[in-house]
Amino acid sequence: MAGCVDWIEKWVARVFILIVNAIVLLGSIALLVGILYSVLGLNIDNMADIMGSSVMSSLTYVILGLAVFLFVVGLFGVLSALYMKTWLLMIFSVLTMVVVLSFGSAIALYFMYTNVIQTHLREQMQDSLKYNYTSESATNTDSVAWNTIQFEIECCGIDSYTNWNTSAWYTNTGKNLSHPFPYTCCKFSGNSFSLSDLLSNSFSATNAAAINDCYNNDSFYTTGCKDSLVSLLSRYMYAVAAGGVFLIVFQLLILMATCHLINADRDEEEEGK
C-alpha cells in the first residue's frame with residue numbers, strides 16, 4: 001500500500017511540474033511578444049529619450065533577459081518532468097531558487113526606489129523639454145520623443161502645457177506664432193491624423209484647420225505627461241509584481257515537488273542496490 005501511495009505522489013508531483021512549467025514556457029513567449037509590441041507598436045524606443053534612454057534601455061534588456069531566463073527554466077522543468085533524470089531535476093531546482101530570489105529582490109527594489117525613479121524621470125523630462133525640443137517636424141531624438149508621447153499618451157508638457165513657456169522652442173518659435181505649446185498637444189478626435197503625418201509635417205487643409213481650432217478653442221490635453229507616464233509605468237509594474245508574487249508561490253511549490261522527486265529517485269536507486 002505504501003508503495004502505491006508513493007507512486008501516486010510521484011506522478012502527481014511530476015504532472016504538477018509539467019503543467020506549471022508548460023505555463024511558464026507560454027508565459028515567457030507572451031512576455032517576449034509584449035516587449036516587441038511595446039518597442040514597435042507603442043513607440044517605446046521613441047519615448048525613451050526623454051525618460052532617460054540608458055535607464056529605459058537597461059529596463060528593456062532586464063525584462064528581455066528575464067523572459068529568456070524564464071523560457072530556459074520552463075524548458076528544464078518540462079524536460080525534467082518528462083525524462084525524470086536526477087541531474088535535470090537538480091539543475092531545475094537550482095534555477096527555481098534563482099527565480100524566487102531574483103523576483104523577490106526585483107519587486108522589493110522597485111517599491112523601495114519608486115520615488116527615486118520618479119525624481120529622475122522629472123529631471124530628464126525637464127532638461128529635454130527646456131533645452132532640446134525643436135519642433136513638431138524635427139528629427140532629433142528629443143523632439144521625436146516629446147511629439148510621440150504627447151500624441152500617443154494624450155498629454156501635454158511635464159505637469160501641464162504651461163511648462164512649454166520656459167522652453168527654448170517657445171522663445172524661438174511658439175511665441176512668434178502665438179502658440180503656447182506644440183500642436184502634438186492638440187486633441188484631434190474625428191480627424192484622420194496619424195503620428196507620421198504630424199512628425200513629417202504633411203497633412204491636409206482639413207487637418208491644418210483642426211490645428212487652428214485647437215489653439216483658438218483650447219482643444220488640447222491638460223494632463224501633464226509625467227503623471228501619465230508614471231501611471232502607465234505603474235500599471236505595467238503592478239502587473240509584473242502581481243505576476244511575480246504568483247510565480248514565486250508556484251515556484252516554491254514546484255521546488256518542493258522537485259525535491260520530492262529527487263528523494264523518490266534516490267530511494268528507488270537504493271532499493272535497486
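Computation of the quantities below employed the complete heavy-atom set of this structure, encompassing side-chain atoms and omitting hydrogens, waters and symmetry-equivalent molecules. Given the structure is predicted, the values throughout are model-derived calculations rather than measurements.
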Quick one: closest heavy-atom pair of A138 and S135, and the distance? N-OG, 3.1 Å
Nearest heavy-atom neighbours spanning T134 and S143: N-OG, 2.8 Å
Can you list the residues that meet the side-chain hydrogen bond (donor to acceptor under 3.5 Å, both in side chains) rule with S160, with sequence neighbours excluded? T162
Please test M125 against L229 for side-chain contact (heavy atoms from CB on, under 4.5 Å), starting from the C-alpha separation and ending with a verdict. CA-CA 11 Å; M125 294 179 73; L229 284 172; 4.0 Å; yes
Under 3.5 Å donor-acceptor, D142 side chain and N132 backbone: no
Side chain of D213, backbone of S219: donor and acceptor closer than 3.5 Å? no
Minimum-distance pair of heavy atoms, taken over all atoms of C185 and W164: SG-NE1, 4.0 Å
Test side-chain hydrogen bond (donor to acceptor under 3.5 Å, both in side chains) applied to D159 - qualifying residues, sequence neighbours left out: R122
Show, in sequence, the C-alpha distance, side-chain angles and deciding distance for W169 and T173, and conclude whether the side-chain contact (heavy atoms from CB on, under 4.5 Å) test is met. CA-CA 6 Å; W169 167 84; T173 305; 3.9 Å; yes
Main-chain N/O of Q124 paired to S128 side chain as donor or acceptor, under 3.5 Å: no
Rounded distance [0.5 Å steps], CD in E136 versus CD in Q150: 9.0 Å
Can the SG atoms of C156 and C225 be said to lie under 2.5 Å from each other? no
Got a sec, which residues hit side-chain hydrogen bond (donor to acceptor under 3.5 Å, both in side chains) with N172, two or more places apart in sequence or on another chain? none
Interatomic spacing from CG in N216 to CD1 in I211 - rounded to 0.5 Å: 11.5 Å
Do you know which two heavy atoms are closest between N163 and G157, and how far apart they sit? OD1-C, 4.0 Å
Heavy-atom closest pair, residues C214 and F181: SG-CE1, 4.0 Å
Near-ring test Y161/Y221, centroid separation under 6.0 angstrom: no
One should read off an interatomic distance between N147 CG and Y183 OH, to the nearest 0.5 angstrom, of 8.0 Å
Starting at NZ of K130, measure out to OG of S167 and round the result to the nearest 0.5 Å. 9.5 Å
Kindly determine whether T184 and W146 satisfy side-chain contact (heavy atoms from CB on, under 4.5 Å), including the steps that lead there. CA-CA 8 Å; T184 48; W146 269 108; over 6 Å; no
